[in-house]
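Report on the following structure.
None of these values were measured; they are calculated from a predicted model. All residue numbers refer to positions in the sequence shown, counting from 1.
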Amino acid sequence: MLSSCDCATAANSVLFLRRIGTVALLFILASLSWFVLYKAGETIGFKIPDSLTSHAPRVFFFIPPTAPFPPPSDTQENKLEKVLKDAAMEDKTVILTTLNEAWAAPSSVIDLFLESFRIGNHTRELLNHLVIIALDEKAFSRCLVVHTHCYALVSEGVDFSKEAYFMTHDYLKMMWTRINFLKGVLEMGYNFVFTDADVMWFRDPFPHFYKDADFQIACDHFLGNPEDVENRPNGGFLFVRSNNRSIEFYKFWYTSRETYPNLHDQDVLNNIKYDSFIIDIDLKMRFLDTTYFGGFCEPSKDLNVVCTMHANCCFGLESKLHDLRVVLQDWKNFLSLPPTLKISLPPSWRVPQNCSLDSLHLYAPPLENVIQENIEQ
């Protein structure tokens, strides 16, 4: 028979073993949690600090604290596929725009962009097919507040959150990141309308797209013939159908950045549109009439037919916001007119005001500065 002392010793031993077991279990659970978090981070592309791991992916996607983590099998491509599928029309067409922190702030560009859809003629329903591509975490978080279809795309080593001034290093990076991303969308089998967020949508543009065109793009200046390559295109609004021709064209466009260094995508397009490669692949390229797809460079003259209005030929966010608010007010004033006055006395735009080609030339950095900056980068 055990003495009371022996019983106490045995009890203490059991208690000690239980404590050891509890500590070991907690250690195993903590290690397992870290491993699961690390592998989940790898799966979604979450950036692990360099001090904790040597793995550093070139391009990664993030989930902000307010959004739930996807399951481990939810890869980057699967995530994009899901967003596109949810937003696509029956013919696999989506509307895409990009957004950074500077344009995502309340009362900034994104709010005016979405408002134009809501007050436009048969454009509200098109919001169901709009995907906002966020270029930084704050833009993605804001997108989740104001819209349904959001996708986070972040390029490592480049800060896209601030206003990217025309022809600076970050501006060029942003433009070429966009071209590469759009190439990927075509490769996934989706047609797209790409629209800058400073394009106001007032009517459904689809009836004015050419049915036989692979690639059709808005213009800074339209010369009257949609097939004339002398038209001056603007990459801020275009419609592209997914097929072998358009995919090969986007590959050619993207790789041509090396042939024409220090030029942005639009200037490179102005060079390659003459290339025999376009004829070789039989790409059907069309240029959209500014009567329907106008901008500050060349405003559409008739509010009875205008589809979109782009704040192009404009430097500086404040100037752009000022003139875009004028555009929205002009449209509201037009809508308030009696039908007879809309036809007999159609109003004209009161823009550009703060935006102009002169301001673009005045404030844009000199070309030699741009070249030097990109050399240093």
Quick one: do Arg178 and Asp196 make a salt bridge, cutoff under 4.0 Å?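 Here Arg178 pairs with Asp196 in a salt bridge, since their nearest N and O are under 4.0 Å apart.
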In terms of side-chain geometry, is the basic nitrogen of Glu227 or Lys284 positioned less than 4.0 Å from the acidic oxygen of its partner?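 Salt bridge: no.
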What about the rings of [X] and [Y], do their centers lie closer together than 6.0 Å?
{"X": "Phe209", "Y": "Phe206", "result": "yes"}
{"X": "Tyr254", "Y": "Tyr250", "result": "no"}
{"X": "Phe249", "Y": "Phe215", "result": "yes"}
{"X": "Phe237", "Y": "Phe293", "result": "yes"}

Does the structure place the NZ or CZ of Arg241 under 6.0 Å from the centre of the six-membered ring of Phe239, at an angle of no more than 45° from the ring's axis?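 Output no; distance or angle outside limits.
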Six-ring centre of Phe334, Lys342 cation under 6.0 angstrom, axis tolerance 45°: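 Positive - Lys342 is close enough to the ring of Phe334 and near enough to its axis.
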Leu223-Leu269 co-clustered via ILVMFWY side chain contacts under 4.5 Å: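 Not linked; separate clusters.
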Spell out, yes or no, whether Ile343 and Leu341 are grouped together once hydrophobic residues are joined by side-chain heavy atoms under 4.5 Å, including indirect joins.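 In one cluster with Ile343: Leu341, no.
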Indicate yes or no: at least one non-hydrogen side-chain atom of [X] is less than 4.5 angstrom from one of [Y].
{"X": "Ile132", "Y": "Ile110", "value": "yes"}
{"X": "Leu288", "Y": "Ile217", "value": "no"}
{"X": "Met188", "Y": "Leu84", "value": "yes"}
{"X": "Asn271", "Y": "Leu263", "value": "yes"}
{"X": "Asn234", "Y": "Cys219", "value": "no"}
{"X": "Ser242", "Y": "Lys92", "value": "no"}
{"X": "Thr195", "Y": "Leu96", "value": "no"}
{"X": "Ser348", "Y": "Lys301", "value": "no"}

Test item: side-chain donor near acceptor, [X] and [Y], under 3.5 Å:
{"X": "Asp198", "Y": "His310", "result": "yes"}
{"X": "Thr93", "Y": "Asn191", "result": "yes"}
{"X": "Gln266", "Y": "Asn270", "result": "no"}
{"X": "Asn121", "Y": "Asp204", "result": "no"}

Specify the closest pair of heavy atoms between Leu130 and His147, including all atoms of both residues, with the distance to one decimal.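 For Leu130 and His147, the tightest heavy-atom pair comes out as O-NE2, 2.7 Å.
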Nearest heavy-atom neighbours spanning Ile272 and Tyr260: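 Answer, listing the atom of Ile272 first, then Tyr260: CG2-CE1, 4.0 Å.
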Spatial distance of atom [atom1] ([X]) from atom [atom2] ([Y]) [nearest 0.5 Å]:
{"X": "Met89", "Y": "Leu126", "atom1": "CE", "atom2": "CG", "result": "5.5 Å"}
{"X": "Tyr274", "Y": "Ile279", "atom1": "OH", "atom2": "CD1", "result": "12.5 Å"}
{"X": "Asp282", "Y": "Asn244", "atom1": "CG", "atom2": "CG", "result": "12.0 Å"}
{"X": "Leu303", "Y": "Trp331", "atom1": "CG", "atom2": "CH2", "result": "6.5 Å"}
{"X": "Ser108", "Y": "Asn100", "atom1": "OG", "atom2": "CG", "result": "8.5 Å"}
{"X": "Asp136", "Y": "Arg142", "atom1": "CG", "atom2": "CZ", "result": "12.5 Å"}

Does CZ belonging to Arg325 count more than 12 external heavy atoms closer than 6.0 Å?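 Above 12, so yes.
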Using a 3.5 Å distance criterion without hydrogens, assess whether the side chain of [X] forms a donor-acceptor pair with backbone atoms of [Y].
{"X": "Lys183", "Y": "Lys251", "result": "no"}
{"X": "Asp323", "Y": "Gln353", "result": "yes"}
{"X": "Ser116", "Y": "Met200", "result": "no"}
{"X": "Gln216", "Y": "Met285", "result": "no"}
{"X": "His129", "Y": "Ala87", "result": "yes"}
{"X": "Lys320", "Y": "Ala311", "result": "yes"}
{"X": "Asp228", "Y": "Asn225", "result": "no"}
{"X": "Glu298", "Y": "Phe222", "result": "yes"}
{"X": "Ser300", "Y": "Gly294", "result": "no"}
{"X": "Arg203", "Y": "Val306", "result": "yes"}

Could you point out which residue of Trp103, Tyr151, Phe181, Phe194 forms a side chain to side chain contact (heavy atoms under 4.5 Å, CB included) with Thr98?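 The side chain to side chain contact (heavy atoms under 4.5 Å, CB included) with Thr98 is passed solely by Phe194 among Trp103, Tyr151, Phe181, Phe194.
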Check SG atoms, Cys150 and Cys143, less than 2.5 Å apart: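 A disulfide, yes.
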Residue pair Glu115, Lys332: steps toward the salt bridge (Lys or Arg N to Asp or Glu O under 4.0 Å) verdict: CA-CA 11 Å; Glu115 182 184 356; Lys332 292 174 184 177; 2.8 Å; yes
Run the side-chain contact (heavy atoms from CB on, under 4.5 Å) test on Ile278 and Lys273 for me, step by step, so that the C-alpha distance in whole Å, both residues' side-chain angles and the decisive distance to 0.1 Å come before the verdict. CA-CA 7 Å; Ile278 307 298; Lys273 67 185 181 182; 5.7 Å; no
Derivation of the side-chain contact (heavy atoms from CB on, under 4.5 Å) call for Val131 and Ile95: CA-CA 6 Å; Val131 177; Ile95 302 169; over 6 Å; no
Pair Cys355-Cys313, disulfide bond (SG atoms under 2.5 Å apart): steps then yes or no: CA-CA 7 Å; Cys355 294; Cys313 293; over 6 Å; no
Check against side chain to side chain donor-acceptor pair (under 3.5 Å), His221 and Asn231: CA-CA 6 Å; His221 298 291; Asn231 287 304; over 6 Å; no
Run the side-chain contact (heavy atoms from CB on, under 4.5 Å) test on Phe296 and Val327 for me, step by step, so that the C-alpha distance in whole Å, both residues' side-chain angles and the decisive distance to 0.1 Å come before the verdict. CA-CA 10 Å; Phe296 293 169; Val327 166; 3.7 Å; yes
In sequence, state the C-alpha distance, the side-chain angles, and the governing distance for Asp214 and Val240, and then conclude on side-chain contact (heavy atoms from CB on, under 4.5 Å). CA-CA 6 Å; Asp214 303 311; Val240 187; 6.0 Å; no
